[in-house]
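Every value quoted in this text rests on a predicted model; they were computed, and no experiment measured them. The residues of the chain are indexed from 1 along the displayed sequence.
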Amino acid sequence: MRFLKMLHFKTVPEDYVKKTAQCAQVALSCSRAAHQAALRGVVKPTPQLATLTPKVRAFVERSVALCEPEHVHVCDGSEAEASALLQLMQQQGTLRQLPKYENCWLARTDPADVARVESRTFICSEKERDVVPVARAGQKSALGNYIAPLDYDKAVAERFPGCMRGRTMYVIPFSMGPVGSPLSKIGVEVTDSPYVVYSMRTMTRMGASVVDALRKDEHFVRCLHAVGRPAGAATPGWPCDPPRTIILHRPADNEIISYGSGYGGNSLLGKKCFALRLGSVLARREGWLAEHMLIVGITDPKGRKRYIAAAFPSACGKTNLAMMTPSLPGYKVECVGDDIAWMKFDDKGVLRAINPENGFFGVAPGTSEATNPIAMASVFRNTVFTNVAETADGGVWWEGMGDAPQALIDWKGQPWDPSKKTPAAHPNSRFCTPADQCPIIDGDWESAEGVPISAILLGGRRPAGVPLVVEARDWNHGVFMGATMRSEATAAAEHAGKVVMHDPFAMRPFFGYNFGEYVRHWLAMPRAGRQLPKVFHVNWFRKDQQGKFLWPGFGDNARVLDWVLRRCDGEPCHQDTPLGLLPAPGALNTEGLGPLNMEELFSIPRDFWMQEADCIEKYFTEEVGEDLPQEMWEELSKLRNNIQQS
Ligand code: OXD
Ligand code: MN
């Protein structure tokens with residue numbers, strides 16, 4: 001605490017608050033003259049602020065004027081700072097230590113603040129069509145939430161003025177991607193949540209090195225985050241304001257503003273907000289791809305190493321695939337990233353990918369020695385667990401980890417009563433762990449130029465009808481596979497039940513611009529001299545009539561990767577089908593797996609696919625309309641013809 005006090009400096013004398021009261025109505029990006037004038041001479045240059053570039057300083061000053069914090073602290077990312085934050089969060093009741101492990105902590109959120117809030121997440125632009133396909137103009141769209149500039153400013157003005165009174169504003173300079181890589185981008189998040197600061201330290205590269213990098217290139221994304229709280233309410237250990245939560249993005253101004261939630265994707269603004277929503281806009285503008293994809297390196301028994309990127313919706317096993325222990329002898333998997341890939345063709349025409357993150361914010365339930373021993377070997381040091389259950393010996397537990405120990409405290413802090421059938425850990429409970437603790441982190445995971453991508457996998461949870469693996473015939477077919485992805489809903493956002501939802505490219509909650517334009521951007525990737533990765537659709541989750549999974553999954557998914565890599569080598573181990581290229585009979589290595597119903601696993605039920613084609617047509621028409629590139633309609637009619645003729 002003393003350490004933090006030392007670093008803080010009083011920024012807001014009373015006359016300053018009065019002077020800036022008029023500025024409080026001003027949205028953050030508006031550098032209005034009056035606003036600037038009110039600030040001039042009030043926020044005095046201090047040693048800490050003086051280290052920031054003029055643009056960053058101006059952003060911090062505008063944020064101070066709006067939010068009126070008591071202190072401002074510019075984060076340097078040091079160990080000493082991290083320990084001071086931990087101490088503070090213990091005092092405030094946000095974190096408790098987990099004595100069973102080394103430097104591990106447990107956070108329990110407000111029970112109303114447990115997941116991303118897609119319904120309150122908006123993209124702002126002058127024209128609605130920049131954000132939402134024309135077919136949904138003026139209506140609710142499944143593919144993006146639009147907010148008009150005036151409503152955006154109003155939302156900020158209704159929430160932010162004075163929202164940090166009595167609190168400290170932390171300034172987090174952070175880099176998405178290794179500091180200095182040509183593929184990386186910088187952001188500055190100001191927040192009043194020490195939990196966010198501590199988590200950003202794990203999930204991004206943050207602090208002094210980024211301040212230095214900003215001196216060479218002043219460009220950065222402005223991120224403002226406040227936990228908010230109802231006026232007059234006591235500050236609990238997890239302050240938040242769920243009824244008024246809002247997550248705003250204004251790509252044209254490189255700006256993200258988030259209010260009311262301290263949780264994950266709502267508050268760690270480098271992740272979904274920057275790396276995907278704003279990232280996708282930057283990527284289109286600059287000719288690259290920002291995708292919801294893991295990246296892994298796979299070495300085959302001949303010692304050849306290839307990298308693949310894979311897009312699966314939230315909680316569909318991305319972390320498990322990224323850290324897979326292959327069941328096939330001679331194979332080795334190494335992890336580059338488990339959630340987000342930024343990919344760009346280099347001047348030799350090779351698609352290169354970086355993981356813009358620095359840690360794993362993984363879903364805990366379902367993670368076990370059996371499903372993901374590598375994650376289990378990664379997370380019990382230097383980790384913040386959020387909303388998991390606590391054991392009597394100061395450890396953690398979640399559903400799917402193994403037998404429940406006696407005397408658990410559930411995620412709400414109450415003794416757990418298994419007879420009540422409520423989960424001990426919240427289904428979206430998480431671990432937040434430094435990536436370099438992963439025992440199979442790839443040697444090149446921080447390579448500035450990125451790793452070369454040979455194949456892209458797309459997939460989701462499809463209990464019926466969808467074969468284990470299908471290779472796209474060509475690039476446009478692969479784009480169609482991405483555009484028509486569907487999956488059962490998960491607990492990562494606020495959806496109820498297990499409905500099968502459209503989730504194109506696993507990006508449905510993360511598009512920063514019109515989905516039709518996004519598809520067009522993908523279609524524009526083929527160019528002379530470029531080596532396009534092969535595209536595959538996979539489904540580990542197909543079930544039989546009795547509801548049992550047809551495929552063992554996990555480490556046995558290496559068998560599918562083996563086929564994928566053999567296809568990348570041009571081996572003719574495939575057969576043509578109405579859906580695309582499937583493994584030829586006997587081509588998938590199933591040695592030692594015991595009896596499997598391969599026929600059902602790879603069947604292409606005609607009625608199911610006729611219905612699927614109708615459903616895709618309805619989706620394209622109702623959600624995208626005229627904005628959908630013609631190539632997608634052509635692919636749909638190929639699919640329909642192929643199925644009809646089958
Ligand atoms: C995540 C998500 O947290 O996709 O990664 O929701
Ligand atoms: Mn994700």
Side-chain angles (χ1 to χ4, degrees), residues 174-187 199-206 209-210 213 221 264-265 268-280 282-283 288-298 305-312 314 316-324 333-346 350-363 372 374-375 378-379 383 430-458 505-507 510 533:
F174 65 96
S175 173
M176 297 313 290
V179 180
S181 159
L183 297 176
S184 300
K185 303 261 177 213
I186 287 180
S199 307
M200 286 290 282
R201 185 168 184 268
T202 301
M203 296 306 297
T204 72
R205 283 91 176 168
M206 70 91 127
S209 59
V210 182
V221 169
L268 311 181
L269 300 185
K271 193 174 178 63
K272 304 299 182 179
C273 299
F274 182 168
L276 290 177
R277 297 195 190 96
L278 252 62
S280 62
L282 293 169
W288 50 281
L289 297 165
E291 301 299 331
H292 192 199
M293 291 184 181
L294 65 92
I295 309 164
V296 282
I298 307 149
K305 183 164 187 182
R306 260 76 56 92
Y307 290 90
I308 62 166
F312 305 139
S314 310
C316 281
K318 279 212 300 296
T319 306
N320 290 344
L321 185 60
M323 299 181 190
M324 184 215 277
V333 163
E334 285 159 290
C335 174
V336 177
D338 78 330
D339 196 39
I340 299 176
W342 282 359
M343 303 189 286
K344 189 174 183 178
F345 285 95
D346 67 13
V350 175
L351 186 63
R352 298 243 161 213
I354 61 163
N355 168 13
E357 301 192 278
N358 190 44
F360 307 119
F361 188 70
V363 176
N372 193 339
I374 300 293
S378 310
V379 301
T383 294
R430 300 281 178 143
F431 50 80
C432 180
T433 298
D436 62 6
Q437 286 185 191
C438 174
I440 59 160
I441 198 75
D442 191 78
D444 276 341
W445 85 282
E446 298 199 275
S447 138
E449 71 268 26
V451 297
I453 298 296
S454 300
I456 291 176
L457 307 193
L458 308 161
F505 289 87
M507 282 285 283
F510 309 123

inquiry  = Before you tell me yes or no, could you show the steps for Ser378 and Phe431 under side-chain contact (heavy atoms from CB on, under 4.5 Å), namely the whole-Å CA-CA distance, both residues' side-chain angles and the distance that decides it to 0.1 Å?
reply    = CA-CA 10 Å; Ser378 310; Phe431 50 80; over 6 Å; no
task = Sorted by first residue and then second, give each salt bridge (charged side-chain N to carboxylate O under 4.0 Å, His left out) pair with at least one member in residues 441-450; sequence neighbours left out.
result = Arg205-Glu446, Lys305-Asp442
key: Evaluation steps, side-chain contact (heavy atoms from CB on, under 4.5 Å), between Cys438 and Ile374   = CA-CA 7 Å; Cys438 174; Ile374 300 293; 3.7 Å; yes
Got [X] and [Y] here, is their nearest side-chain heavy-atom distance under 4.5 Å?
X	Y	value
Phe345	Ile453	no
Leu351	Lys344	no
Met176	Thr204	yes

request  = Check Ile354, Leu289, Ile295, Val451 against Met343 for a side-chain contact (heavy atoms from CB on, under 4.5 Å) and give me the one that passes.
outcome  = Leu289
query = Trp342 vs Phe274 aromatic rings, parallel, tilted or perpendicular, using cut-offs 30° and 60°?
reply = tilted
Partner residues of Lys185 under the side chain to side chain donor-acceptor pair (under 3.5 Å) criterion, sequence neighbours left out = Glu286
Could you report the tightest heavy-atom contact between [X] and [Y], atom names first, then the distance?
X	Y	result
Met200	Met206	O-CG, 4.1 Å
Pro452	Arg352	CD-NH1, 3.6 Å
Ala448	Ser181	O-OG, 2.7 Å

inquiry  = One pair to check against side-chain contact (heavy atoms from CB on, under 4.5 Å): Asp339 and Phe361. What are the steps and the verdict?
reply    = CA-CA 9 Å; Asp339 196 39; Phe361 188 70; over 6 Å; no
ask   = Is the cationic atom of Lys318 (NZ for Lys, CZ for Arg) positioned less than 6.0 Å from the six-membered ring centroid of Phe312 and within 45 degrees of its normal?
value = no
